[in-house]
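Being a predicted model, the structure only gives us computed values, none of them experimental. Order of the sequence lines fixes the chain letters, A, B, ..., with proteins taken first and strands second; residue numbering starts at 1 for each chain.
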Number of protein chains: 2
Amino acid sequence: MVEGIRVTGVVDAVAEALRAAAIGGELEPDRPVTEAWVAARFAVARPSAKAAIEKLVGEGVLERAAHRSARVRRLDADAVRDVYRTRRRIESAAIRELAATRSRPDAAAEADAEIATHLGGSSVDIVDPDLRFHSAIVDALGSERTSRAYRSLIEEVRQCMAQVQGRGLISVDTILAEHERILELIAAGDAEAAVAVLAEHLGRAEERLAAAVAAP
Amino acid sequence: MVEGIRVTGVVDAVAEALRAAAIGGELEPDRPVTEAWVAARFAVARPSAKAAIEKLVGEGVLERAAHRSARVRRLDADAVRDVYRTRRRIESAAIRELAATRSRPDAAAEADAEIATHLGGSSVDIVDPDLRFHSAIVDALGSERTSRAYRSLIEEVRQCMAQVQGRGLISVDTILAEHERILELIAAGDAEAAVAVLAEHLGRAEERLAAAVAAP
DNA sequence: CCCGGTATACTTGTCTAACAATCTGGAGCC
DNA sequence: GGCTCCAGATTGTTAGACAAGTATACCGGG
């Protein structure tokens, strides 16, 4: 292999690079990603390329049928809705538990602070801190399995964002205001109100993203 | 390969057989599962055995460090608690949504009917229908991602059951009564009461299993 | 002109063989 | 007794090969 540092192994490195390429939008959803192409692209043997591809298929980043080339999975409107409904389920549960102990997740507040620095800028720049805010709420539970389940959803959202390339985003002001309201309600111990704000927050994002994905 | 029918491919078949062996308790958690052993056991080449092992590592059934043999993952009390807390989060969300539309999941009722046929028998026999009851509630949402997240938890529970070999189970009567109460409350639209029963139901199972896992 | 069947090229699935890298465990030495 | 080092075992990676399956292009018939 010629590029990338070898941290754990060739397969993992290639898988990581491929994932970044898929999420970054460098791999269009419809072009086939053959084992030979991956092997040549990263200068590894075909079995290694195969293993990396299969790892990403297992994670849901790529998809492939038997004897067919892998592709970056294209997310349709139904998939977006499913992702967001599942997000809402997990985040609502997290908010309820956090509100019960009135524990304000610090990492979420920090992500909000970063969003605030982009108040005048483009919505694209806050995709990352926004996802970090939501992840921070879930991670505050300290549950390995809950966090893992949520992380895979976030990865899908990120991939989806790359697919629509910034179309259908919400204004930075609205996002920030709702985030802070959620944190306030958690600190106040008002779980139901916080969940209601979250439902609206995610619901609007869901609608926008679903529409953007459905558009040409 | 010499045994097993070839449905999709050698790797998947081996992975499936290995998973069954792990869940069924035929593979003790501490004995190393080497690639060579798997290859010999199922009469496949070592790369195929390797791929099957890595697939299960990705699913969390096996674990392995770099250059070390894989092992069946041993679940400790903390893992059991994490699994059950995550279960409660997902199931609670499912129950709330089902209660909102007062839709009684038929598949769950069917699983309960099967539990009822074992009223006098051993608690071990109802592990499967019990897990099916809970899965049916989640599956009733019709959400691919929520179901997938929940299924991986159920697999861990199943593996854990094999590990403790029937110790620490709850009486069949209690389980059945609570299941039916949950279904009633869902049908009545009383989400909070249903969630409360579920929390107690899962909480008790969590305590029992955690204790059984911690015991020698 | 369109339709269907065949042939070909491409891709994946699997295996054999080999070597490098790394870890484990014990023998030997201080 | 503790430490070092070596040999065996295991995994990591590669190369090459062949089989099997799929898609596509092509060609003949209707």
S.K.: By side chain to side chain contact (heavy atoms under 4.5 Å, CB included), which residues pair with E144(A), not counting sequence neighbours?
M.R.: R148(A), D82(B)
S.K.: Checking only heavy atoms, does the side chain of R46(A) share a donor-acceptor pair with the base of dG16(D) at less than 3.5 Å?
M.R.: no
S.K.: Considering residues at least two apart in sequence or located in another chain, which fulfil the side chain to side chain donor-acceptor pair (under 3.5 Å) criterion with E207(B)?
M.R.: R81(B)
S.K.: Between dA23(D) and R68(A), is there an OP1 or OP2 to side-chain N/O distance shorter than 4.0 Å?
M.R.: yes
S.K.: With sequence neighbours left out, what residues match S123(A) under side chain to side chain contact (heavy atoms under 4.5 Å, CB included)?
M.R.: L169(A), V172(A)
S.K.: Tell me, please, which residues at least two apart from A140(B) pass side chain to side chain contact (heavy atoms under 4.5 Å, CB included).
M.R.: L98(B), P105(B)
S.K.: Tell me whether the OP1 or OP2 atom of dG12(D) has a side-chain N or O from R64(B) closer than 4.0 Å.
M.R.: yes
S.K.: Contact list please: residues 47-62 of chain B against DNA chain D, heavy atoms, distance less than 4.0 Å, in numerical order.
M.R.: K50(B)
S.K.: Given that D12(A) and H67(A) both sit by DNA chain D, which one's nearest nucleotide is further toward the 5' end?
M.R.: D12(A)
S.K.: How many whole angstroms separate atom CH2 of W37(A) from atom P of dC10(C)?
M.R.: 19 Å
S.K.: List in chain and number order the residues that pass salt bridge (charged side-chain N to carboxylate O under 4.0 Å, His left out) with R102(A), two or more places apart in sequence or in another chain; answer none if no residue qualifies.
M.R.: none
S.K.: Would you say S69(B) places a side-chain N or O within less than 4.0 Å of OP1 or OP2 belonging to dT11(D)?
M.R.: yes
S.K.: Want to settle it: does A70(B) or A45(A) sit nearer the 5' end of DNA chain D, counting the closest nucleotide to each?
M.R.: A70(B)
S.K.: Is a donor on one side and an acceptor on the other found under 3.5 Å between the side chain of R46(B) and the backbone of E35(B)?
M.R.: no
